[in-house]
Student: 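One structure is given below, represented as structure tokens, and several questions about it will come after.
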Number of protein chains: 2
Amino acid sequence: MTIQDERAESPGRPQRADARRNHDLLLQAARELFDEEGDTSMEAIAKRAGVGVGTLYRHFPKRIDVVEAVYRDDVDQVVAVAERDVATRTPWEAVDSFLHAFVAYAFGKRRFLTELREAFEKNPELKCDARERLEAAIRLVVERGQGAGVVRSDVTGDEVFGLLGPMCTSASFTREQCDRLVGMVLDGLRPPVAASR
Amino acid sequence: MTIQDERAESPGRPQRADARRNHDLLLQAARELFDEEGDTSMEAIAKRAGVGVGTLYRHFPKRIDVVEAVYRDDVDQVVAVAERDVATRTPWEAVDSFLHAFVAYAFGKRRFLTELREAFEKNPELKCDARERLEAAIRLVVERGQGAGVVRSDVTGDEVFGLLGPMCTSASFTREQCDRLVGMVLDGLRPPVAASR
DNA sequence: CTATTATACGGAGGGTCCCTCCACTTGATG
DNA sequence: CATCAAGTGGAGGGACCCTCCGTATAATAG
């Protein structure tokens with residue numbers, strides 16, 4: 001989506017050095033501003049990077065492209081946790097561990113992720129690579145649990161993601177509340193027993 | 001918050017007839033546009049009502065005031081359902097019935113409610129009366145279940161609301177998915193048994 | 001019915017966004 | 001160097017929320 005992705009493609013001419021440098025400056029500026037302000041404007045990002053808005057738009061044609069570029073790195077961390085949990089834990093422990101880790105992570109970036117989620121809600125067909133990798137990570141963990149019979153089979157990993165993601169970005173929740181609700185969702189994730197009442 | 005609320009206060013001079021009429025026209029126009037478009041602009045609302053934007057802002061000083069006014073009526077319906085369920089069903093049946101009804105309702109107004117939720121997230125201290133009544137309705141049902149021992153005690157009604165509300169407005173979910181996830185949350189809401197694994 | 005006045009109206013325009021466009025500049029290459 | 005595609009900067013278009021204030025009018029008093 002961004003120029004960066006196509007950087008290595010057709011080497012008719014390599015990317016110019018200043019373009020490369022500006023790309024990195026812009027990305028760093030965006031990350032800083034999203035962390036500091038929660039949300040920010042394209043003008044502010046360009047200004048902090050010391051370039052004009054035209055340059056920003058050359059590298060990231062739409063606002064969502066900036067957001068996704070920042071998001072991309074974050075997702076790598078979460079995916080790594082999922083893979084580690086699957087490799088080192090029992091099916092249920094992996095689900096429990098990973099969902100808690102996911103919520104802990106998402107909670108820390110709530111303002112930023114709220115912006116991202118809004119972009120997806122306005123534009124559902126826009127499902128960026130990063131998000132798909134994230135959903136794949138949850139699927140990995142959840143489907144392994146389902147295969148082992150410790151997770152109910154009538155729910156998909158994507159649905160769990162859709163339930164927990166918005167919860168984490170809900171401004172009115174504290175970290176403790178998120179943790180408690182994850183616990184509750186985990187209970188709900190277990191295979192249902194015959195109705196106890 | 002709106003002029004309407006203060007209509008009956010000090011009758012030094014009654015509200016003018018044209019003002020009253022415009023207030024109703026604006027509210028109707030806003031409701032129609034939110035239903036048809038999902039979201040809309042202040043200019044569009046004023047235009048459909050056949051008045052200038054100045055008049056719109058006289059009646060509803062901020063955009064959120066329009067949204068809340070439309071929201072208010074909707075909440076009345078949901079609250080009525082909660083009260084009926086509490087009056088006519090067993091504690092657990094009331095929880096089950098009401099949460100399903102809540103999700104069905106919220107799903108139908110998802111675009112509109114998304115806008116409302118975003119307003120709350122941007123501005124957490126802005127918890128309008130209507131929302132509080134809605135949370136109170138869920139609390140009513142959930143706390144009755146907790147009192148009867150059929151709902152786990154470490155979760156509040158507000159938290160259930162915060163979990164289900166965002167889920168309903170998540171654009172990527174179908175109605176069926178929402179129903180299935182409610183079922184899962186209901187399972188999670190039952191008092192936990194000793195860990196089965 | 002007219003005069004008075006608080007109330008209400010309309011819409012121009014300010015400020016903030018996202019984004020486009022294009023004249024100008026600069027780095028890479030022969 | 002000379003060339004020129006690649007890159008840059010920022011003015012400005014369009015959409016939006018909201019403010020301001022001159023004008024119009026409904027309610028009241030005489």
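In this text, all values refer to a predicted model and were calculated from it rather than measured experimentally.
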Student: Determine, using the 4.5 Å side-chain heavy-atom cutoff (strictly less than), whether A/Phe107 and A/Tyr71 are members of one ILVMFWY cluster.
Tutor: no
Student: Any side-chain N or O of B/Thr55 less than 4.0 Å from the OP1 or OP2 oxygen of C/dA8?
Tutor: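 No, B/Thr55 has no side-chain N/O under 4.0 Å of OP1/OP2 on C/dA8.
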Student: At under 4.0 Å, does any side-chain N or O of A/Arg58 touch on OP1 or OP2 of D/dG7?
Tutor: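 Result: yes.
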Student: Could you state the atom-to-atom distance from CD of B/Glu115 to P of D/dC16 in whole Å?
Tutor: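 Going from B/Glu115 (CD) to D/dC16 (P), I get 12 Å.
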Student: Between D/dG9 atom P and A/Leu56 atom CG, what is the distance in whole Å?
Tutor: 11 Å
Student: Calculate the interatomic distance between B/Gln15 atom CD and C/dC9 atom P; express it in whole Å.
Tutor: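 About 8 Å, once rounded to whole Å.
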Student: Taking 4.0 Å as the cut-off, does a side-chain nitrogen or oxygen of A/Lys62 come that near to OP1 or OP2 on C/dT20?
Tutor: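 Indeed, a polar side-chain atom of A/Lys62 lies that close.
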Student: Parallel, tilted or perpendicular: which describes the rings of A/His59 and A/His23, with under 30° parallel and over 60° perpendicular?
Tutor: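 If you compare the ring of A/His59 with that of A/His23, the planes turn out perpendicular.
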Student: Looking only at side-chain N and O atoms, does B/Asn22 come under 4.0 Å of OP1 or OP2 in C/dC9?
Tutor: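 Yes.
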Student: Do A/Asp179 and A/Arg175 sit within salt-bridge range, that is, some charged N less than 4.0 Å from a carboxylate O?
Tutor: yes
Student: Has B/His59 got a side-chain N or O lying under 4.0 Å from the OP1 or OP2 atom of C/dC9?
Tutor: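 For B/His59, the contact criterion (side-chain N or O under 4.0 Å from OP1 or OP2 of C/dC9) is met.
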Student: Around atom CD of B/Glu176, are there more than 12 heavy atoms from other residues, nucleotides or ligands closer than 6.0 Å?
Tutor: no
Student: State which of C/dG27, C/dT20, D/dA27 makes the closest approach to the side chain of A/Ala17.
Tutor: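 Shortest atom-to-atom distance from the side chain points to C/dG27.
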Student: Starting at CD of A/Glu43 and ending at P of D/dG12, how long is that distance when rounded to a whole Å?
Tutor: 15 Å
Student: Taking atom types as they are modelled, is there a donor-acceptor pair under 3.5 Å from the base of C/dA28 to the side chain of A/Arg16?
Tutor: no
Student: Rounded to the Å, how far apart are B/Asp18 CG and D/dT23 C1'?
Tutor: 14 Å
Student: Between B/Gly54 and A/Met42, which is nearer to the 5' end of DNA chain C once each is assigned its nearest nucleotide?
Tutor: B/Gly54
Student: Which one, D/dC18, C/dT20, C/dC9, comes nearest to the side chain of A/Val53?
Tutor: C/dT20
Student: Can you check whether A/Val155's main-chain N or O pairs, donor with acceptor, with A/Gln146's side chain at less than 3.5 Å?
Tutor: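 Such a contact is found between A/Gln146 side chain and A/Val155 backbone.
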Student: For C/dG10, take OP1 and OP2 only and decide whether either is under 4.0 Å from a side-chain N or O of B/Lys47.
Tutor: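 Answer is no, no contact under 4.0 Å.
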Student: Rounded to whole Å, please give me the gap between CZ in A/Arg63 and C1' in C/dT16.
Tutor: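 Answer to the nearest Å: 12 Å.
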Student: Which one, D/dT28, C/dG10, D/dG9, comes nearest to the side chain of B/Val51?
Tutor: C/dG10
Student: Roughly how many Å is it from CZ in A/Arg21 to P in D/dT8, rounded to a whole number?
Tutor: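 For the pair A/Arg21 CZ and D/dT8 P, the rounded distance is 8 Å.
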Student: Please state how far atom CG in B/Leu26 lies from atom P in C/dA8, giving the value in whole angstrom units.
Tutor: 13 Å
